[in-house]
Novice: 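Just passing along the structure, written as structure tokens.
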Amino acid sequence: MKKMMIRGTGRYLPERVVTNDDLSQWMDTSDEWIRQRTGIEERRWIPEEGNVGAADLGLEATKIALDRAGWTPEDLDLIIFATLSPDINFPGSGCLLQSKLGLKSTPALDIRQQCTGFLYGMEIADAYIKSGYANRILFVGSEVHSTGLDISTRGRDVTVIFGDGAGAVCLEGVETDENVGILATSLHAQGDYADALMLEAPASRLSPRLTKEMFDDARIYPTMDGRNVFKLAVKRLPEVSQVVLDKAGLTIEDIDMVIPHQANLRINQFFQKSMNLPDEKIFNNIQKYGNTTAGSIPIALDEVIEQKLIPEKKATVLFAGLGAGVTWGAIIYRFG
Ligand code: UT7
């Protein structure tokens, strides 16, 4: 049976470091508040000049992932691009990345599952591989949040959390009887919570789509019911992780590393406690990058591999996340 194997990973974080102290020059916040409530120390933003988009960050991450896989762009059968901050409204960033890779007809699919983009993307890639429609797939999760944030005090609860960055993963179908690849998945969405974390305008359901009032009323910036999203995350992350463990017939002791979405260090600390995980079995890098949404899990995965935090062979990893939609889920993956 065909199993989907990770062949290479890459990440790209823009060089511009924005510290908590930088933010407190523009809004009423402080390094102490941000560290205490979120664990974030700094994040990366794209340069002020140059019109850098999600596809540009994705391209840099992709080059590294392709190189590590030993592939060229022409080897790809499909590109899956996850972002909530596409370069332009349409066409999707997947098409823009495909062009930047010099490809002329490779299919490109954009998905909009926000913080769970990697989880949905992995399951879609696995389904394409199992059905025989594609065998070598590039997944990219990439965000440019910084150009869309309200950097006044009005937006401080949202703005301090987010950062720019991209992660890329090369995925390949391999015929094997070994118990490797995706061992279990559980993905969910509940649109009842759509307005708990959203960016409302411009919107096709509004007529006109964009007005000066929308700027003045800050409806062009993301809004979040942070407490509610926090409560959902600390409940659902352990729940859905237990579901995938049960499905795979594993216990948490069988997992070499938990790689959660990086939304808030406190969420991940609650999650760690609920799952009874020792410090060395859960990975966090939100301190350096903030919340890079669809980029966060693939960026973290790339760092876990680079820092050799998992066994070289047959490492079993649990990915979990919750974010806008709300969408949430978990996946257990075993390396070959
Ligand atoms: O990846 C997408 C999913 N997103 C998440 O998972 C985010 C989940 N939520 C959170 O991470 C947290 O709710 C936040 C970090 C967004 C906020 O932390 P909190 O502990 O829930 O704070 P709060 O919203 O309850 O606000 C507490 C106080 C308020 O002031 P008052 O009403 O007590 O006077 C806020 O106005 O903190 C104030 N506040 C700030 N103060 C300084 C909110 N943002 C800031 C800020 N700096 N940046």
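Counting starts at 1 for both ligands and their atoms, following the listed order.
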Novice: Does the distance from a Lys or Arg side-chain N to an Asp or Glu carboxylate O, for E41 and R35, drop under 4.0 Å?
Specialist: yes

Novice: Would you please classify the geometry between the Y128 ring and the Y133 ring as parallel, tilted or perpendicular, with 30° and 60° separating the classes?
Specialist: perpendicular

Novice: Please verify the inter-ring angle class for H188 with W328; under 30° counts as parallel, over 60° as perpendicular, anything in between as tilted.
Specialist: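 Geometry flag for W328 against H188: parallel rings.
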
Novice: Output yes when E178 and R334 qualify as a salt bridge under the 4.0 Å nitrogen-oxygen rule, no when they do not.
Specialist: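 No, no charged N to carboxylate O under 4.0 Å.
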
Novice: Tell me every residue that passes ring-ring contact (aromatic ring centres under 6.0 Å, His included) with Y289, counting only those two or more places apart in sequence or in another chain.
Specialist: none

Novice: In this structure, which one of K2, K3, R136 forms a salt bridge (Lys or Arg N to Asp or Glu O under 4.0 Å) with E172?
Specialist: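 Among the candidates, only R136 passes.
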
Novice: Collect the protein residues that have a non-hydrogen atom under 4.0 Å from ligand 1 and hand them over in chain and number order.
Specialist: D28, T29, W33, R37, T38, C115, R156, D157, V160, I161, L197, M224, G226, R227, V229, F230, H261, A263, N264, R266, I267, N291

